[in-house]
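Values below: all heavy atoms of this structure, side chains included; hydrogens, waters and symmetry mates excluded. As the structure lists them, so they are numbered: ligands from 1, and atoms in each ligand from 1.
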Amino acid sequence: MPDTFLNHTPTKKAHTLTIVADSNIASLSDFFNAHNLAGAAETVEIITCAGREITADFLANIQPDVLLVRSVTPVNETLLADNNSVRFVGSATIGTDHIDQAYLKARGIAFANAAGCSKHSVAQYVLTAAFTLRPEYWHDAPTLGIIGLGNIGSTLALYAKDLGWQVLGYDPLLPVSDVNNSTLDEVLQSSSIISLHVPLTSAQQSDYPTEHLIDAEALAKMHKDTLLINSARGAVIAEADLLADIAKTERQVVLDVFEHEPTIAAQTSDALSIATMHIAGYTLEGKLRGTQMIYDALCQTLGLPIVQRIEPLLPANPYHWAALKDAPQLLPEFYDIMQDDAALRAVVTEGQVQGKDFDGLRRNYPLRREWAFAAF
Ligand SMILES: NC(=O)C1=CN([C@@H]2O[C@H](COP(=O)(O)OP(=O)(O)OC[C@H]3O[C@@H](n4cnc5c(N)ncnc54)[C@H](O)[C@@H]3O)[C@@H](O)[C@H]2O)C=CC1
Ligand SMILES: O=C(O)C(=O)[C@H](O)COP(=O)(O)O
(Lines give C-alpha, C1' and ligand atoms only; values in the text may rest on other atoms or scores of the structure.)
(Ligands and ions follow the chains in the order given, each with its own letter.)
Protein backbone atom coordinates (compact mmCIF):
# COMPACT_ATOMS: atom_id res chain seq x y z
CA MET A 1 0.00 0.00 0.00
CA PRO A 2 1.85 3.12 -1.11
CA ASP A 3 2.40 5.26 1.98
CA THR A 4 2.03 8.43 -0.01
CA PHE A 5 -1.64 7.66 -0.61
CA LEU A 6 -2.89 8.10 2.93
CA ASN A 7 -2.81 11.67 4.08
CA HIS A 8 -1.72 11.68 7.72
CA THR A 9 -2.66 14.80 9.62
CA PRO A 10 -2.37 15.51 13.42
CA THR A 11 -6.14 15.44 13.81
CA LYS A 12 -6.63 12.16 11.94
CA LYS A 13 -6.06 8.59 13.19
CA ALA A 14 -3.04 7.13 11.46
CA HIS A 15 -3.86 4.50 8.86
CA THR A 16 -7.46 5.51 8.36
CA LEU A 17 -8.81 5.50 4.82
CA THR A 18 -11.56 8.11 4.63
CA ILE A 19 -13.99 8.09 1.71
CA VAL A 20 -16.62 10.72 0.85
CA ALA A 21 -19.20 9.33 -1.56
CA ASP A 22 -22.36 10.44 -3.38
CA SER A 23 -25.20 8.52 -1.73
CA ASN A 24 -26.68 7.89 -5.21
CA ILE A 25 -23.84 5.50 -6.08
CA ALA A 26 -25.49 2.08 -6.37
CA SER A 27 -24.53 -0.65 -3.84
CA LEU A 28 -21.82 1.59 -2.44
CA SER A 29 -21.34 -0.38 0.78
CA ASP A 30 -21.20 -3.73 -1.04
CA PHE A 31 -18.02 -2.56 -2.72
CA PHE A 32 -16.50 0.12 -0.49
CA ASN A 33 -16.29 -1.34 3.00
CA ALA A 34 -13.74 -2.23 5.67
CA HIS A 35 -13.54 -5.86 4.55
CA ASN A 36 -12.92 -5.18 0.88
CA LEU A 37 -10.47 -2.35 1.59
CA ALA A 38 -8.87 -3.85 4.72
CA GLY A 39 -5.47 -4.05 3.10
CA ALA A 40 -5.43 -0.28 2.65
CA ALA A 41 -5.79 0.81 6.25
CA GLU A 42 -6.64 -0.35 9.75
CA THR A 43 -9.87 1.67 9.59
CA VAL A 44 -12.07 2.53 6.60
CA GLU A 45 -14.41 5.44 7.12
CA ILE A 46 -17.15 6.08 4.52
CA ILE A 47 -19.22 9.27 4.66
CA THR A 48 -22.11 9.57 2.21
CA CYS A 49 -24.22 12.57 1.25
CA ALA A 50 -26.22 13.91 -1.69
CA GLY A 51 -23.90 14.68 -4.59
CA ARG A 52 -24.86 18.36 -4.69
CA GLU A 53 -23.86 18.67 -0.98
CA ILE A 54 -20.25 17.67 -1.63
CA THR A 55 -18.68 21.14 -1.32
CA ALA A 56 -15.25 22.51 -0.44
CA ASP A 57 -16.43 23.24 3.11
CA PHE A 58 -17.82 19.70 3.44
CA LEU A 59 -14.46 18.26 2.35
CA ALA A 60 -12.53 20.66 4.60
CA ASN A 61 -14.36 19.26 7.63
CA ILE A 62 -13.70 15.62 6.68
CA GLN A 63 -10.38 15.68 4.80
CA PRO A 64 -11.10 12.48 2.83
CA ASP A 65 -8.48 10.45 0.99
CA VAL A 66 -10.99 9.30 -1.64
CA LEU A 67 -13.87 11.16 -3.31
CA LEU A 68 -16.54 9.15 -5.16
CA VAL A 69 -19.04 11.18 -7.17
CA ARG A 70 -21.67 11.08 -9.87
CA SER A 71 -22.49 13.70 -12.51
CA VAL A 72 -23.98 16.32 -10.17
CA THR A 73 -20.73 17.08 -8.30
CA PRO A 74 -18.37 19.43 -10.18
CA VAL A 75 -14.83 18.30 -9.28
CA ASN A 76 -12.51 21.20 -10.04
CA GLU A 77 -10.34 23.87 -8.50
CA THR A 78 -13.32 25.43 -6.75
CA LEU A 79 -13.91 22.16 -4.90
CA LEU A 80 -10.30 21.19 -4.20
CA ALA A 81 -8.19 24.35 -4.12
CA ASP A 82 -7.97 24.30 -0.31
CA ASN A 83 -7.97 20.53 0.00
CA ASN A 84 -4.74 18.57 0.39
CA SER A 85 -6.20 15.23 1.44
CA VAL A 86 -7.90 13.81 -1.66
CA ARG A 87 -5.69 11.40 -3.59
CA PHE A 88 -8.27 9.57 -5.71
CA VAL A 89 -11.47 10.72 -7.45
CA GLY A 90 -13.88 8.19 -8.93
CA SER A 91 -16.97 9.13 -10.96
CA ALA A 92 -19.42 6.26 -11.35
CA THR A 93 -20.53 7.79 -14.63
CA ILE A 94 -19.66 7.68 -18.31
CA GLY A 95 -19.71 11.42 -18.83
CA THR A 96 -16.85 13.43 -17.38
CA ASP A 97 -17.92 16.98 -18.22
CA HIS A 98 -18.33 17.62 -14.47
CA ILE A 99 -14.68 16.73 -13.86
CA ASP A 100 -11.70 19.05 -14.54
CA GLN A 101 -9.34 16.20 -15.41
CA ALA A 102 -6.48 18.54 -16.32
CA TYR A 103 -6.68 20.10 -12.84
CA LEU A 104 -6.70 16.68 -11.14
CA LYS A 105 -3.69 15.62 -13.21
CA ALA A 106 -1.84 18.81 -12.32
CA ARG A 107 -2.59 18.13 -8.65
CA GLY A 108 -1.41 14.52 -8.92
CA ILE A 109 -4.88 13.24 -7.99
CA ALA A 110 -5.78 9.91 -9.59
CA PHE A 111 -9.07 9.80 -11.52
CA ALA A 112 -11.30 7.06 -12.89
CA ASN A 113 -14.75 7.13 -14.51
CA ALA A 114 -16.98 4.26 -15.67
CA ALA A 115 -16.62 4.33 -19.43
CA GLY A 116 -19.28 2.25 -21.17
CA CYS A 117 -20.96 1.10 -17.95
CA SER A 118 -24.50 1.81 -19.17
CA LYS A 119 -24.01 1.65 -22.94
CA HIS A 120 -26.64 -1.05 -23.43
CA SER A 121 -29.04 0.67 -21.03
CA VAL A 122 -28.92 3.92 -22.98
CA ALA A 123 -29.16 2.16 -26.34
CA GLN A 124 -32.24 0.30 -25.09
CA TYR A 125 -33.69 3.59 -23.83
CA VAL A 126 -33.34 5.08 -27.33
CA LEU A 127 -34.98 2.07 -28.97
CA THR A 128 -37.81 2.16 -26.43
CA ALA A 129 -38.47 5.84 -27.14
CA ALA A 130 -38.44 5.27 -30.91
CA PHE A 131 -40.70 2.20 -30.80
CA THR A 132 -43.08 3.85 -28.31
CA LEU A 133 -43.61 6.84 -30.61
CA ARG A 134 -43.33 4.95 -33.89
CA PRO A 135 -44.24 1.22 -33.44
CA GLU A 136 -44.30 0.90 -37.21
CA TYR A 137 -40.52 0.79 -37.03
CA TRP A 138 -40.81 -2.85 -35.91
CA HIS A 139 -41.72 -3.72 -39.51
CA ASP A 140 -40.86 -0.58 -41.53
CA ALA A 141 -37.10 -0.20 -41.00
CA PRO A 142 -36.15 3.50 -40.57
CA THR A 143 -32.85 5.22 -41.27
CA LEU A 144 -31.17 5.84 -37.94
CA GLY A 145 -28.72 8.72 -37.71
CA ILE A 146 -26.21 8.40 -34.87
CA ILE A 147 -24.05 11.37 -33.91
CA GLY A 148 -21.18 10.07 -31.77
CA LEU A 149 -20.03 6.48 -32.31
CA GLY A 150 -18.29 5.68 -29.04
CA ASN A 151 -19.47 3.13 -26.52
CA ILE A 152 -23.16 4.04 -26.64
CA GLY A 153 -23.45 5.12 -30.29
CA SER A 154 -21.68 2.02 -31.57
CA THR A 155 -23.78 -0.20 -29.30
CA LEU A 156 -26.98 1.41 -30.59
CA ALA A 157 -25.71 0.75 -34.12
CA LEU A 158 -25.41 -2.96 -33.27
CA TYR A 159 -29.06 -3.08 -32.18
CA ALA A 160 -30.09 -1.16 -35.31
CA LYS A 161 -28.19 -3.56 -37.56
CA ASP A 162 -29.77 -6.46 -35.64
CA LEU A 163 -33.16 -4.96 -36.59
CA GLY A 164 -32.18 -4.49 -40.22
CA TRP A 165 -32.18 -0.71 -39.96
CA GLN A 166 -29.97 1.50 -42.11
CA VAL A 167 -27.45 3.43 -39.98
CA LEU A 168 -25.94 6.78 -40.91
CA GLY A 169 -23.17 7.49 -38.42
CA TYR A 170 -21.04 10.59 -37.88
CA ASP A 171 -18.03 10.80 -35.60
CA PRO A 172 -15.19 13.07 -36.79
CA LEU A 173 -12.77 11.71 -34.19
CA LEU A 174 -12.98 8.08 -35.32
CA PRO A 175 -11.85 6.43 -38.56
CA VAL A 176 -14.36 5.98 -41.38
CA SER A 177 -16.09 2.59 -41.08
CA ASP A 178 -19.25 0.76 -42.13
CA VAL A 179 -21.02 2.72 -39.36
CA ASN A 180 -18.96 5.95 -39.37
CA ASN A 181 -20.12 6.46 -42.92
CA SER A 182 -21.62 9.94 -43.23
CA THR A 183 -20.99 13.63 -42.89
CA LEU A 184 -22.92 15.57 -40.27
CA ASP A 185 -25.07 17.14 -42.98
CA GLU A 186 -25.89 13.72 -44.44
CA VAL A 187 -27.04 12.50 -41.02
CA LEU A 188 -29.10 15.64 -40.45
CA GLN A 189 -30.69 15.61 -43.92
CA SER A 190 -31.25 11.87 -44.50
CA SER A 191 -32.24 10.30 -41.17
CA SER A 192 -35.76 9.49 -39.98
CA ILE A 193 -34.44 9.24 -36.42
CA ILE A 194 -31.40 11.12 -35.08
CA SER A 195 -29.87 10.06 -31.76
CA LEU A 196 -27.11 12.03 -30.01
CA HIS A 197 -24.29 10.19 -28.22
CA VAL A 198 -21.49 12.70 -27.78
CA PRO A 199 -19.78 14.13 -24.70
CA LEU A 200 -20.43 17.77 -23.86
CA THR A 201 -17.34 19.64 -25.05
CA SER A 202 -16.52 23.32 -25.62
CA ALA A 203 -14.39 24.89 -28.33
CA GLN A 204 -11.58 25.08 -25.78
CA GLN A 205 -11.78 21.31 -25.22
CA SER A 206 -12.28 19.93 -28.70
CA ASP A 207 -11.71 20.71 -32.36
CA TYR A 208 -15.25 19.36 -32.77
CA PRO A 209 -17.13 20.97 -29.89
CA THR A 210 -20.55 19.58 -29.14
CA GLU A 211 -22.01 22.46 -27.12
CA HIS A 212 -25.04 23.62 -29.13
CA LEU A 213 -24.02 21.26 -31.92
CA ILE A 214 -27.71 20.98 -32.68
CA ASP A 215 -28.71 24.61 -33.17
CA ALA A 216 -31.16 26.41 -35.44
CA GLU A 217 -28.95 25.78 -38.50
CA ALA A 218 -28.71 22.05 -37.80
CA LEU A 219 -32.41 21.74 -37.02
CA ALA A 220 -33.31 23.50 -40.29
CA LYS A 221 -31.43 20.76 -42.19
CA MET A 222 -33.60 18.04 -40.66
CA HIS A 223 -36.82 16.94 -42.33
CA LYS A 224 -39.73 18.06 -40.19
CA ASP A 225 -40.72 14.42 -39.62
CA THR A 226 -37.29 13.44 -38.29
CA LEU A 227 -37.51 12.21 -34.69
CA LEU A 228 -34.75 13.74 -32.55
CA ILE A 229 -33.59 11.93 -29.39
CA ASN A 230 -31.05 13.38 -26.93
CA SER A 231 -29.74 11.17 -24.13
CA ALA A 232 -26.22 12.67 -24.15
CA ARG A 233 -26.07 16.05 -22.41
CA GLY A 234 -28.68 18.76 -22.55
CA ALA A 235 -26.43 21.55 -23.84
CA VAL A 236 -25.60 19.56 -26.98
CA ILE A 237 -28.90 21.02 -28.20
CA ALA A 238 -29.57 24.77 -28.08
CA GLU A 239 -32.85 24.57 -26.19
CA ALA A 240 -34.24 27.93 -27.36
CA ASP A 241 -33.56 26.95 -31.00
CA LEU A 242 -35.21 23.58 -30.37
CA LEU A 243 -38.39 25.17 -29.03
CA ALA A 244 -38.57 27.46 -32.07
CA ASP A 245 -38.06 24.46 -34.35
CA ILE A 246 -40.78 22.42 -32.67
CA ALA A 247 -43.19 25.38 -32.83
CA LYS A 248 -42.53 25.60 -36.57
CA THR A 249 -42.29 21.91 -37.55
CA GLU A 250 -44.18 20.07 -34.77
CA ARG A 251 -41.14 17.76 -34.66
CA GLN A 252 -41.25 14.78 -32.33
CA VAL A 253 -38.44 15.22 -29.80
CA VAL A 254 -37.35 13.02 -26.89
CA LEU A 255 -35.13 14.52 -24.18
CA ASP A 256 -33.64 12.65 -21.27
CA VAL A 257 -31.20 15.50 -20.63
CA PHE A 258 -31.81 19.23 -20.49
CA GLU A 259 -29.72 22.35 -21.05
CA HIS A 260 -30.71 23.86 -17.70
CA GLU A 261 -30.88 20.62 -15.66
CA PRO A 262 -32.01 20.05 -12.91
CA THR A 263 -34.55 22.81 -13.64
CA ILE A 264 -36.84 22.27 -16.63
CA ALA A 265 -39.22 24.95 -17.89
CA ALA A 266 -42.76 23.68 -18.48
CA GLN A 267 -42.57 25.41 -21.87
CA THR A 268 -39.83 22.90 -22.73
CA SER A 269 -41.38 19.72 -21.33
CA ASP A 270 -44.74 20.66 -22.86
CA ALA A 271 -43.14 20.82 -26.32
CA LEU A 272 -41.63 17.33 -26.08
CA SER A 273 -43.11 14.02 -27.18
CA ILE A 274 -41.24 12.25 -24.36
CA ALA A 275 -39.46 13.92 -21.43
CA THR A 276 -37.55 11.88 -18.84
CA MET A 277 -35.39 12.81 -15.86
CA HIS A 278 -31.86 11.86 -16.99
CA ILE A 279 -32.42 8.17 -16.42
CA ALA A 280 -31.50 6.59 -19.74
CA GLY A 281 -28.60 4.83 -18.01
CA TYR A 282 -30.53 4.03 -14.85
CA THR A 283 -30.66 0.27 -14.92
CA LEU A 284 -29.49 -1.99 -12.11
CA GLU A 285 -26.79 -3.38 -14.39
CA GLY A 286 -25.66 0.04 -15.62
CA LYS A 287 -25.34 1.55 -12.18
CA LEU A 288 -23.71 -1.53 -10.64
CA ARG A 289 -21.13 -1.61 -13.44
CA GLY A 290 -20.42 2.05 -12.69
CA THR A 291 -19.74 1.26 -9.04
CA GLN A 292 -17.69 -1.81 -9.97
CA MET A 293 -15.48 0.16 -12.33
CA ILE A 294 -14.48 2.84 -9.84
CA TYR A 295 -14.03 0.18 -7.14
CA ASP A 296 -11.69 -1.73 -9.47
CA ALA A 297 -9.77 1.49 -10.19
CA LEU A 298 -9.39 2.33 -6.49
CA CYS A 299 -8.22 -1.22 -5.72
CA GLN A 300 -5.64 -0.90 -8.48
CA THR A 301 -4.48 2.45 -7.07
CA LEU A 302 -4.26 0.98 -3.57
CA GLY A 303 -2.60 -2.23 -4.73
CA LEU A 304 -5.49 -4.32 -3.42
CA PRO A 305 -7.10 -7.46 -4.88
CA ILE A 306 -10.57 -7.06 -6.36
CA VAL A 307 -12.85 -9.13 -4.13
CA GLN A 308 -16.31 -7.84 -5.05
CA ARG A 309 -18.15 -8.46 -8.32
CA ILE A 310 -21.61 -7.41 -9.51
CA GLU A 311 -22.88 -10.88 -10.38
CA PRO A 312 -23.92 -11.83 -6.80
CA LEU A 313 -25.86 -8.54 -6.61
CA LEU A 314 -27.95 -9.19 -9.74
CA PRO A 315 -31.27 -11.05 -9.44
CA ALA A 316 -32.35 -13.27 -12.34
CA ASN A 317 -33.17 -11.12 -15.36
CA PRO A 318 -36.48 -11.93 -17.11
CA TYR A 319 -35.91 -9.41 -19.92
CA HIS A 320 -34.22 -10.67 -23.06
CA TRP A 321 -33.72 -8.68 -26.28
CA ALA A 322 -34.45 -11.76 -28.40
CA ALA A 323 -37.81 -12.25 -26.65
CA LEU A 324 -38.76 -8.63 -27.24
CA LYS A 325 -37.93 -8.88 -30.93
CA ASP A 326 -40.18 -11.95 -31.12
CA ALA A 327 -43.00 -10.20 -29.26
CA PRO A 328 -42.79 -6.39 -29.67
CA GLN A 329 -46.11 -5.97 -27.88
CA LEU A 330 -44.20 -6.78 -24.69
CA LEU A 331 -42.27 -3.48 -24.85
CA PRO A 332 -44.29 -1.73 -22.07
CA GLU A 333 -43.50 -4.68 -19.79
CA PHE A 334 -39.79 -4.36 -20.61
CA TYR A 335 -39.78 -0.59 -20.17
CA ASP A 336 -42.82 1.68 -20.07
CA ILE A 337 -41.02 4.95 -20.88
CA MET A 338 -44.32 6.84 -20.71
CA GLN A 339 -44.44 6.13 -16.95
CA ASP A 340 -41.20 8.06 -16.58
CA ASP A 341 -42.57 10.80 -18.85
CA ALA A 342 -45.72 11.05 -16.70
CA ALA A 343 -43.70 11.08 -13.46
CA LEU A 344 -41.67 14.04 -14.71
CA ARG A 345 -44.66 15.98 -15.98
CA ALA A 346 -46.44 15.36 -12.64
CA VAL A 347 -43.84 17.42 -10.73
CA VAL A 348 -44.17 20.59 -12.79
CA THR A 349 -45.01 23.38 -10.35
CA GLU A 350 -45.08 27.15 -10.89
CA GLY A 351 -44.24 26.71 -14.56
CA GLN A 352 -41.23 24.43 -14.15
CA VAL A 353 -39.77 21.23 -12.77
CA GLN A 354 -37.94 22.37 -9.63
CA GLY A 355 -34.38 21.13 -9.19
CA LYS A 356 -35.16 19.39 -5.90
CA ASP A 357 -38.03 17.48 -7.54
CA PHE A 358 -35.91 16.49 -10.55
CA ASP A 359 -33.22 15.23 -8.16
CA GLY A 360 -35.84 13.44 -6.04
CA LEU A 361 -37.22 11.55 -9.04
CA ARG A 362 -33.70 10.39 -9.91
CA ARG A 363 -32.75 9.51 -6.33
CA ASN A 364 -35.90 7.40 -5.94
CA TYR A 365 -35.98 6.03 -9.47
CA PRO A 366 -36.94 2.33 -9.57
CA LEU A 367 -33.94 1.04 -11.50
CA ARG A 368 -34.90 -0.79 -14.67
CA ARG A 369 -33.29 -4.07 -15.70
CA GLU A 370 -31.01 -3.97 -18.73
CA TRP A 371 -32.33 -6.39 -21.34
CA ALA A 372 -30.09 -9.41 -21.64
CA PHE A 373 -28.65 -9.80 -25.12
CA ALA A 374 -26.75 -12.51 -26.92
CA ALA A 375 -23.39 -11.22 -28.14
CA PHE A 376 -24.14 -9.36 -31.34
N1 LIG B 1 -28.62 10.13 -20.24
C2 LIG B 1 -27.87 9.29 -19.57
O3 LIG B 1 -28.33 8.66 -18.59
C4 LIG B 1 -26.46 9.04 -19.98
C5 LIG B 1 -25.78 9.95 -20.77
N6 LIG B 1 -24.50 9.72 -21.15
C7 LIG B 1 -23.83 10.70 -22.01
O8 LIG B 1 -23.56 10.08 -23.28
C9 LIG B 1 -22.28 10.51 -23.74
C10 LIG B 1 -21.71 9.50 -24.70
O11 LIG B 1 -21.45 8.29 -24.00
P12 LIG B 1 -20.44 7.22 -24.63
O13 LIG B 1 -20.86 6.87 -26.02
O14 LIG B 1 -20.28 6.13 -23.65
O15 LIG B 1 -19.10 8.06 -24.69
P16 LIG B 1 -17.79 7.76 -25.54
O17 LIG B 1 -16.76 8.69 -25.04
O18 LIG B 1 -17.55 6.31 -25.60
O19 LIG B 1 -18.22 8.20 -27.03
C20 LIG B 1 -18.44 9.55 -27.38
C21 LIG B 1 -18.14 9.66 -28.87
O22 LIG B 1 -18.48 10.98 -29.30
C23 LIG B 1 -17.55 11.33 -30.31
N24 LIG B 1 -17.59 12.78 -30.53
C25 LIG B 1 -16.98 13.76 -29.81
N26 LIG B 1 -17.25 14.96 -30.35
C27 LIG B 1 -18.06 14.74 -31.44
C28 LIG B 1 -18.69 15.57 -32.39
N29 LIG B 1 -18.54 16.90 -32.37
N30 LIG B 1 -19.47 14.99 -33.34
C31 LIG B 1 -19.64 13.65 -33.37
N32 LIG B 1 -19.04 12.79 -32.51
C33 LIG B 1 -18.28 13.35 -31.54
C34 LIG B 1 -16.22 10.81 -29.80
O35 LIG B 1 -15.30 10.68 -30.84
C36 LIG B 1 -16.64 9.48 -29.20
O37 LIG B 1 -16.48 8.43 -30.12
C38 LIG B 1 -21.47 10.68 -22.45
O39 LIG B 1 -20.39 11.58 -22.62
C40 LIG B 1 -22.52 11.23 -21.48
O41 LIG B 1 -22.50 12.64 -21.52
C42 LIG B 1 -23.82 8.58 -20.79
C43 LIG B 1 -24.45 7.65 -19.99
C44 LIG B 1 -25.81 7.83 -19.50
O1 LIG C 1 -23.05 8.19 -16.85
C2 LIG C 1 -23.40 9.31 -17.29
O3 LIG C 1 -22.70 10.08 -17.98
C4 LIG C 1 -24.76 9.76 -16.98
O5 LIG C 1 -25.31 10.65 -17.60
C6 LIG C 1 -25.42 9.16 -15.79
O7 LIG C 1 -26.70 8.73 -16.11
C8 LIG C 1 -25.42 10.23 -14.77
O9 LIG C 1 -26.16 9.81 -13.70
P10 LIG C 1 -25.95 10.65 -12.33
O11 LIG C 1 -24.47 10.65 -12.08
O12 LIG C 1 -26.44 12.05 -12.63
O13 LIG C 1 -26.72 9.92 -11.31
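The shortest side-chain heavy-atom distance between Thr132 and Ser273 does not fall under the 4.5 Å cut-off. The shortest distance between side-chain heavy atoms of Leu79 and Leu67 falls below 4.5 Å. Leu168 has its side chain within reach of Gln166: a pair of non-hydrogen atoms, C-beta onward, lies under 4.5 Å apart. Side-chain atoms of Val257 and Thr276, non-hydrogen and from C-beta on, never get closer than 4.5 Å to each other.
With a 4.0 Å heavy-atom cut-off, ligand 1 is reached by the side chain of Ile94 but not by its N, CA, C or O. In Asn24, the part holding a heavy atom less than 4.0 Å from any atom of ligand 2 is the side chain. With a heavy-atom cut-off of 4.0 Å, Asn151 touches ligand 1 through backbone and side chain alike. Residue-level proximity to ligand 1 for Tyr282 is absent, since no heavy atom of it falls below 4.0 angstrom. Using a 4.0 Å cut-off between heavy atoms, Ser118 contacts ligand 1 through its side chain alone, with no backbone atom that close.
The ring-ring contact (aromatic ring centres under 6.0 Å, His included) pairs that include a residue from residues 25-72 are Phe31-Tyr295, Phe32-Tyr295, where partners are two or more places apart or lie in different chains. Listed by first then second residue, pairs satisfying salt bridge (Lys or Arg N to Asp or Glu O under 4.0 Å) with a partner in residues 330-346 read Asp341-Arg345, not counting sequence neighbours.
When hydrophobic clusters are built by joining Ile, Leu, Val, Met, Phe, Trp and Tyr residues whose side-chain heavy atoms come closer than 4.5 Å, directly or via intermediates, Phe258 is grouped together with Ile237. Leu255 and Val72 fall into different hydrophobic clusters, defined by Ile, Leu, Val, Met, Phe, Trp and Tyr side-chain heavy atoms under 4.5 Å apart, directly or through other members. By the criterion of side-chain heavy atoms lying less than 4.5 angstrom apart, applied directly or through intervening Ile, Leu, Val, Met, Phe, Trp or Tyr residues, Ile94 is not grouped with Leu173; the two fall into different hydrophobic clusters.
Of the residues Arg289, Glu370, Arg368, Lys287, the one that meets the side-chain hydrogen bond (donor to acceptor under 3.5 Å, both in side chains) test with Ser121 is Glu370. With respect to Trp321, the ring pair (Phe, Tyr, Trp, His ring centres under 6.0 Å) criterion is satisfied by exactly one of Tyr335, Phe373, Tyr159: Tyr159.
Of the N or O atoms in Ser231, one or more lie within a sub-3.5 Å distance of an N or O in ligand 1. Between Leu174 and ligand 1, no N or O atom pair is found at a separation short of 3.5 Å. At under 3.5 Å, not a single nitrogen or oxygen of Thr93, backbone or side chain, sits near a nitrogen or oxygen of ligand 2. Note: an N/O pair closer than 3.5 Å links Gly95 and ligand 2 by distance alone. Every N/O-N/O distance between Ser118 and ligand 2 stays at or above 3.5 Å. Of the N or O atoms in Tyr208, one or more lie within a sub-3.5 Å distance of an N or O in ligand 1. Considering backbone and side-chain atoms together, Gly281 places an N or O closer than 3.5 Å to an N or O of ligand 1.
Protein heavy atom in closest approach to atom 31 (C) of ligand 1: Pro172 CD, 3.2 Å. Among protein heavy atoms, the minimum distance from atom 12 (O) of ligand 2 is reached at Ser71 OG, 2.5 Å. In this structure, atom 19 (O) of ligand 1 lies nearest to the protein heavy atom Gly150 CA, 3.2 Å. In this structure, atom 34 (C) of ligand 1 lies nearest to the protein heavy atom Asp171 OD2, 3.5 Å. When only non-hydrogen protein atoms are considered, atom 22 (O) of ligand 1 lies nearest to Pro199 CD, 3.4 Å. In terms of protein heavy atoms, atom 5 (O) of ligand 2 is closest to His278 NE2, 2.7 Å. Protein heavy atom closest to atom 13 (O) of ligand 2, with residue, atom name and distance, is Tyr282 OH, 2.4 Å. Protein heavy atom nearest atom 7 (C) of ligand 1, with residue, atom name and distance: Ala232 O, 3.5 Å. When hydrogens are left out, the protein atom nearest atom 33 (C) of ligand 1 is Val198 CG1, 3.5 Å; that is the closest non-hydrogen contact. Here the protein heavy atom with the shortest distance to atom 40 (C) of ligand 1 is Arg233 NH1, 3.5 Å.
At a cut-off of 3.5 Å, with distance as the only test, no side-chain donor of Thr16 or Glu45 sits close to an acceptor on the other residue. Side-chain contact check for Glu261 and His278: at least one donor-acceptor pair (N or O, by modelled atom type) lies under 3.5 Å. Between the side chains of Tyr365 and Arg362, not a single donor N or O lies within less than 3.5 Å of an accepting N or O. Residues Ser118 and Tyr282 have side chains that never bring a donor and an acceptor to within less than 3.5 angstrom of each other. Gln354 and Gln352 share a side-chain donor-acceptor pair at under 3.5 Å.
With distances taken over non-hydrogen atoms, the option nearest atom 10 (P) of ligand 2 out of Lys119, Arg70, Lys287 is Arg70. With distances taken over non-hydrogen atoms, the option nearest atom 2 (C) of ligand 2 out of Leu200, Ile25, Ile94, Asp359 is Ile94. For the residues Leu200, Asn180, Ile152, the heavy atom positioned nearest atom 11 (O) of ligand 1 is part of Ile152.
The closest approach between a heavy atom of Lys119 and any atom of ligand 1 is not below 4.0 Å. In this structure, Arg233 counts as a contact residue of ligand 2, since one of its heavy atoms falls inside 4.0 Å of the ligand. Ligand 1 has at least one atom lying under 4.0 Å from a heavy atom of Val122.
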Assess the residue pair Glu259 and His212 against the criterion (side-chain hydrogen bond (donor to acceptor under 3.5 Å, both in side chains)); give the C-alpha distance rounded to whole Å, side-chain angles, the decisive distance to 0.1 Å, and a yes or no. CA-CA 9 Å; Glu259 184 166 11; His212 288 188; 2.5 Å; yes
Criterion side chain to side chain contact (heavy atoms under 4.5 Å, CB included) on Ile306 and Gln300, from CA distance to verdict: CA-CA 8 Å; Ile306 292 167; Gln300 186 175 13; over 6 Å; no
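Near Asp256, meaning under 4.0 Å from one of its heavy atoms, ligand 1 places the atoms 1 (N), 2 (C), 3 (O). For ligand 1, the atoms closer than 4.0 angstrom to any heavy atom of Gly148 are 22 (O), 31 (C), 32 (N). In summary, the atoms of ligand 1 found under 4.0 Å from a heavy atom of His278, numbered by their order in the structure, are 1 (N), 2 (C), 3 (O). Atoms of ligand 1 lying under 4.0 Å from at least one heavy atom of Thr210, given by number and element, are 26 (N), 27 (C), 28 (C), 29 (N). Taking a cut-off of under 4.0 Å to the non-hydrogen atoms of His197, the atoms of ligand 1 that pass are 10 (C), 20 (C), 21 (C), 22 (O).
Checking atom 17 (O) of ligand 1 against the protein gives no heavy-atom contact under 4.0 Å.
Between Trp138 and Phe131, the ring-plane angle classifies as parallel under the 30° and 60° cut-offs.
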